[in-house]
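Read the structure below first, then the notes.
For the numbers below, each heavy atom of this structure counts, side chains included, while hydrogens, waters and symmetry mates do not.
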Amino acid sequence: MSNRLINWFKYASPQSFYPLAGKLIPWFWALAAVFGIAGLYIGFLVAPIDAQQGEGYRIIFLHVPTSWMSMFIYLVMAFWAGLGLAFNTRLSGMMAQALAPTGALMAFLSLWTGALWGKPMWGTWWVWDARLTSELILLFLYIGFIALQAAIDDPRRADKAGAILALVGVVNIPIIYFSVKWWNTLHQGASVSLTKAPSMAQTMLWGMLLCALACWMYSIAVALMRARSIMLERERHTEWVRALLDPQPAGKE
Amino acid sequence: MLTLVRAVIGRDLRLAMRRQADIVSALFFFIIVVSLFPLGIGPEPDLLRKLAPGVLWVAALLATMLSLPRLFADDHRDGTLEQLALAPQPLGLVVLGKVLAHWLVSGLPLALLAPVLGLQFDLDSEALWVLTGALLIGTPALSGIGAIGAALTLGVRGGGVLLSLLVLPLYIPVLIFGAGAVDATVTGMGPQAHLSLLGALALGGLFFAPWATAAALRIALE
């Protein structure tokens, strides 16, 4: 029975995960390119012009996927953080650290493309809408996580402190989201409604889903690449990293 | 267990009383920040009345944060914190005692001082009462959440600035409901809903934050 199952814990050690990640990265890059090209092709050339919004709506093919990713990556980060605290594995902390910059980038892109979309559609770069505000706060949470990890020199302590912060953040995200939502409904009339968007044409939906898949693949590929660099940096004192970086150490004597 | 909490509160209060300058400077920071706003915005009473809840709450947030780095730093430096962590009682309870003591020397004076500053912003007496009540209910949550940040940044380079980066986003719900309670009173909607939510945040914060803080302290002490 045991030889039928993959031993997942084998890949919890950086030494065995490093080559695996190396093998997977080109695949994820390739998939990201395929999905990205297909999604952009549908988005820009096949999907019809929106009746109300004209050509400008096409930015949602980037905006919506990045927003999804920014929220999802925080959850994944918190998952790795919790795993790292529970099982005390080295790899979990590295994965959480590797994911954070990509998450922050996605949150930033989501805000930026949202602003670019909002200017022609709503006539303003920014409104204090509940979704926009919580996305901004999500960006702050990412920045706090990155700053905390960067400020602590000992990587083990940085991982654990970051893990606690990520978990506290995950508990707080629903509270923040609802408080912002209620605050918003109290202060501001429904001048802008994101929820009453017209139902989408089928091709638009396909384009968006393909772009979302492309963002997924890109995030995985980049996170794995970053995790590989972090592994090399942190494990540089070990035998396997030395053997990897310097194939013939004995020949130099 | 209650004796432990009470003992920690008593000890921290005694230490704070020996260094009253720290408490007073945080209070004056609060007063000065609040007084800067009318100078920056202009003296129109209508505008000030509208801004008062937000300004007072943001200033209270910042003033509470100012005293957070000292919550564990002194005990960490002289080794008391390690002894407390080694004690048979749960570290979470010790943290709870320290959080309550922090609230008594930072949150409580702020709440008592706020009505006087509210007068400068031309708030009526009902709004002043709600402002004091909201600060009394909300500031324990600030101390609790802040303790997590203080423990995470204990002994870290540039801890003060980092602390504000970590803690301020988490303070947002307290700010929204705290300022919202006063705002709802001014506009005549009644503050009950906001105050209840604020109370829930404070209870939740005081219950859960000490455990997260204790975990963070153990990491810092490793």
Given A:V168, which of B:I148, B:L166, B:T213 fulfils the side-chain contact (heavy atoms from CB on, under 4.5 Å) condition?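 Testing A:V168 for a side-chain contact (heavy atoms from CB on, under 4.5 Å) against B:I148, B:L166, B:T213 leaves exactly one candidate, B:I148.
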
Chain A heavy atoms under 4.5 Å from [X]: which part of the residue, side chain, backbone, both or neither?
X	value
B:A179	neither
B:I219	both
B:L197	side chain

Are there more than 12 heavy atoms of other residues, nucleotides or ligands under 6.0 Å from atom [atom1] of [X]?
X	atom1	answer
A:M225	CE	no
A:W112	CH2	no
B:E126	CD	no
A:F178	CZ	no
B:W129	CH2	no

Can you measure from [atom1] ([X]) to [atom2] ([Y]) and round to the nearest 0.5 angstrom?
X	Y	atom1	atom2	value
B:I172	A:I137	CD1	CD1	3.5 Å
A:I175	B:L201	CD1	CG	6.5 Å
B:L154	A:I152	CG	CD1	10.0 Å
B:L198	A:S179	CG	OG	11.0 Å

Taking side chain as everything from C-beta outward and backbone as N, CA, C, O, which of these in A:A158 sits under 4.5 Å from a heavy atom of chain B? Side chain, backbone, both or neither.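 No part of it gets close to chain B.
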
What I'd like to find out is whether the side chain of B:L170 reaches to under 4.5 Å of the side chain of A:L141, using heavy atoms alone.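 They are in side-chain contact.
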
Evaluate the side-chain proximity of A:K160 to B:L152: yes if any heavy-atom separation is below 4.5 Å, no if none is.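 No, too far: nothing below the 4.5 Å cut-off.
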
Please report the shortest heavy-atom distance between [X] and [Y], naming the atom on each side.
X	Y	value
B:V156	A:A151	CG1-CB, 3.4 Å
B:A151	A:R157	O-NH2, 4.4 Å
A:I164	B:A216	CD1-N, 3.5 Å

